[in-house]
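Order of the sequence lines sets the chain letters (A, B, ...), proteins ahead of strands, with each chain counted from 1. Model, not experiment: these values are computed from the prediction. No hydrogens, no waters, no symmetry mates; every other heavy atom, side chains included, goes into these values.
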Amino acid sequence: MSPPTSPILSVQPTRGLVDEKLKVVVESLPPGSPVTLHSLHHSEDEDYWEAFGHYVSDFRGMVSVSEDLSFGGTYTGKEDMGLLWSMRPVPGSRKGLRLRKMNVCSPMLHNISVYSGHVSEGFREQTPLTSVLVERWYMAPGVKRIDIMEKGVRGTLFIPPGPGPFPGLLDMWGGGGGLIEYRSALLASHGYVSLAMDYFNSQELESADLEFKYFETAFNIIKEHPQVIPDRVGMFGLSLGSLVTMHVAAESTIVKPRCCICVSGSHFYPNTFFCIAENNHHVWRDMWIHLLDDPSKKVDVGKINCPILLVNGKDDQNVPADECAEDIALLMNAAGNGHLLSRVLYPDTGHLIEPPYSPHFRASNFKAAGVATKTVMLLWGGQTKPHSDAQEDAWRKILSFLQHNLYSSTPPRAKL
Amino acid sequence: MMDRKQCIVKLFVQPSRGLVDEKFIILVQKAPPGYQLTVHALHKCEDGHSWEAFGHYISNAIGTVNVSEDPSLGGTYSGVEQMGLLWSLRPVPGSKPGLRLRKMNVQIPMEVTISVYQGHQTEGFMDQVPLASVVVERWYMAPGVSRIPITEDGLTATLFLPPGPGPFPGLLDLWGGGGQLVEYRASLLASHGIASLALDYLTPKITMETRKMVDLQYFEKAYKILEQHPQVHGSSIGMLGLSLGTSITLKMAAYSEVMKLRCAVCISGSHVQPVDGSMEDILKHFNKNADRTRVSEENEFIWRDLLLPVPSDLAFKVDMGRLKCPLLVVVGEDDQNWPASESAMDMKEMMEQAGNSHLLTVLSYPNAGHLIEPPYTPHARASLFRSMATREKMMALWGGETAAHSLAQEDAWRKLLVFLRENLYSGTNPGTPSLSHL
């Protein structure tokens, strides 16, 4: 009886941070043979997500995902991270799913397998040739997670390992509400004390009353932490969080963020969340365009006194991010602080610009806080491949913006 | 004194969670140029003892230190040593003597805190605040490896299965005269795709209860467990033994009718033993010459002479000519515990005479000692050892000079993995397995 001829699959690292690249190599395959590389994830919500690529081994019997082309599957071409970003719910899943890790103290687990031939379905009914398990973490070892419940602020604070002191970040998500920790955990893994804030919970705050004091208090909690450098605290917002960021940066007399990052945001204050239905997917973008002409409905961005980075997708179906960014630039240039503004606009990219390699969903179920218990299918926009490229590029730019403004010893450019 | 607020030193270690045999890259950035720095590692082991290592560096013109490329100018290691912070770990000053670092619980990682301190420090690290520090996890188990305690057939063992459907090649993993169920090497081998069974054969439950040593069928039962396991390829089983484990491995490889080993690995051991002897006989044989024990100036026991000279009487050494499978023999030339070098030379001669020496590969490492462990395991030149004969704890001299011994561990492990892969997997399309991250 001959010894096993199974191919050897190696994935490096087997335990990595979610923004680290994977190196996936298969060896000891028969030369020139078709194989499928598959990744499977069982989410916290008990759904299954998968991605796969069709490859042909070379004449050493090898497939290297970072070097070889995928000929088909959920991604094609030379895509070293396609097995993660092109993941989608398996056939038969519930509709409108979104993949988000809520418990950041445990890793996301991915089963990476090699199947013989070019397989497109029925993976669960077949036995792969070989498979490995990979862990993807939002939290680096040594990052501390602390529940915050003080002065009326509810959130989670993540502190990098080491004595510090560190720069800080106030991290805010959007109108979906809840306490979303993963981006803060990841930012702490990059050396920033980060406070993930729960500010849009319909039980406690009226949707239209974004309490100013609440954000100033939260900002000061970070600023006054013994391991934080008090004049190196920034703000990071996505969607509604961007609005909050710009508002505080412009109007607060108490807090002075050192820099701001606004992802997929607008600079005007919404009155209510009314919707326009389209193909059963609610599109919110167009309702806000008319507000662009009314200055009383917009944040006075001319008063912003720190570097600000706008990250937007051109296909954002939720917020007219493109038009807003244009208007913000106009207003800031007119006010004389335009040199503080940097913007990136990604083609075919939607609203949910998440940390890299997060799967893309053009639409998903959304429970609008403040709209009773109605769950709608919200259109976010974006095409998977360009959106995923945007996430990867945006994260790199975000990290370098933070590094430059919060870590570098040269002070940020002052207002002229 | 650097102004902490203005100049924040950044420290990166990649990977932050790795297997124990993976290399890491340590980068210090944003220090002032030409600055003296100490990079320090601290580990608190399962027994509660603290271990540390450190290297002295000078940042370059852009304020960077790269431990994989820059030389350490002093500390517990010197020169360009990418992994020096692990293999040169030693008990902190004030620790009790004779400690040895061994992970018994492989389901959780070793945590090592890597820090950067100002200046070239040699002591008092715990009383200072570092400039930066990170935590690194070092794992003996890859994700998805299953750990299965085995208690059937009177065995005390643990089976580690790689993730995936299998079937996998199998391996019996034996340690030496210290006894206990030591799992870390087996779990690491499973992390490399080999279903590995760590076997306690000196202090298993059955011996502790009956006060009787196991017989040779005990090993054959362990082999059968592997052979019959649905996820193990029954005709692809090897055996690995260190120290006394070598004695068992060679005995089984040469004489067992039941075990059909595909290959064998013998580390720091000997073929000298009563050929027809039981476990008890083997141990008694070693103690016969107990008067040949030497003691070093530091009161450490040297036991290598107990088996010397290598006998010419064939009743007292395994008939190496009977071996039918490839054999890898790993020895440290400064082994003070067993006469591994001399035995390896004799084994080679026997096999040359018998005509099967093409099966033999000997890796002989100058200045390496007895305890040739997985890479980056801190070197213990001597440690407290509970002798099976006297049941007393004595300070055993293992030998080896730290830097050379650590290099030997790294090289031996790489070659051992290649040997196992070549012999336990099909030879039709071997290629070169990608071990570049090791």
Side-chain angles (χ1 to χ4, degrees), chain A residues 1-17 20 23 25-31 60-62 64 107 109-114 127-135 137 140-143 160-167 189 191 229-232 403 406-409, chain B residues 3-8 10-19 22 30 109 111-113 115-116 129-137 139 142-145 162-169 191-193 233-236 262 421 423-437:
Chain A
M1 224 201 313
S2 59
T5 54
S6 60
I8 298 167
L9 170 63
S10 90
V11 182
Q12 288 297 324
T14 47
R15 293 179 172 96
L17 288 182
E20 281 169 18
K23 197 158 139 60
V25 173
V26 192
E27 290 167 304
S28 294
L29 285 166
R60 296 168 298 170
M62 248 177 81
S64 166
L109 296 176
H110 295 271
N111 241 296
I112 312 275
S113 309
V114 182
T127 305
L129 296 174
T130 179
S131 84
V132 301
L133 190 65
V134 168
E135 293 181 1
W137 290 81
V143 167
F166 307 100
S189 303
I229 306 168
D231 63 345
R232 302 277 179 112
Q403 169 76 27
L406 296 180
Y407 262 104
S408 166
S409 49
Chain B
D3 180 353
R4 302 279 306 273
K5 275 189 177 182
Q6 286 311 109
C7 194
I8 306 164
K10 290 206 93 175
L11 174 62
F12 301 99
V13 182
Q14 271 301 322
S16 53
R17 293 179 172 94
L19 286 182
E22 282 172 16
K30 306 238 180 274
E111 278 190 8
V112 182
T113 302
S115 309
V116 188
V129 177
L131 298 173
S133 94
V134 298
V135 176
V136 169
E137 290 179 2
W139 288 80
V145 167
F168 311 103
S191 303
H192 286 283
H233 206 275
S235 63
S236 230
R262 210 159 156 90
R421 219 167 242 181
N423 288 291
L424 296 177
Y425 282 86
S426 160
T428 53
N429 192 11
T432 315
S434 164
L435 296 170
S436 55
H437 57 279

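Residue B/Ser16 forms a side-chain contact (heavy atoms from CB on, under 4.5 Å) with just one option from A/Pro161, A/Pro141, A/Ser189, and that option is A/Pro141.
Considering only heavy atoms from C-beta on, A/Pro13 stays 4.5 Å or farther from B/Arg17 through its side chain.
Most heavy-atom pairs under 4.5 Å with chain A, from the set B/Pro143, B/Gly193, B/Pro109: that is B/Pro143. Ranked by heavy-atom pairs under 4.5 Å with chain B, the first of A/Thr127, A/Val143, A/Thr14, A/Leu133 is A/Leu133. With chain A as the partner, the residue from B/Pro162, B/Ser115, B/Ser191, B/Gly144 showing the most heavy-atom pairs under 4.5 Å is B/Gly144. With respect to chain A, the highest number of heavy-atom pairs below 4.5 Å among B/Val135, B/Val134, B/Val136 belongs to B/Val135.
Looking at A/Leu9, neither its backbone nor its side chain comes within 4.5 Å of chain B, counting heavy atoms on both sides. Only the side chain of B/Gln14 has a heavy atom closer than 4.5 Å to any heavy atom of chain A.
Atom NZ of residue B/Lys10 and atom CD of residue A/Gln403 lie 4.5 Å apart, to the nearest 0.5 angstrom. Separation of atoms OH (B/Tyr425) and CD1 (A/Ile8) is listed at 5.5 Å; rounding is to 0.5 Å. Taking OG of A/Ser28 as the start and CZ of B/Arg421 as the end, the distance is 8.0 Å to the nearest 0.5 Å.
Summarising the geometry of B/Pro165 relative to A/Pro128, their closest heavy-atom pair is CG-O, 3.2 Å, with the distance given to 0.1 Å.
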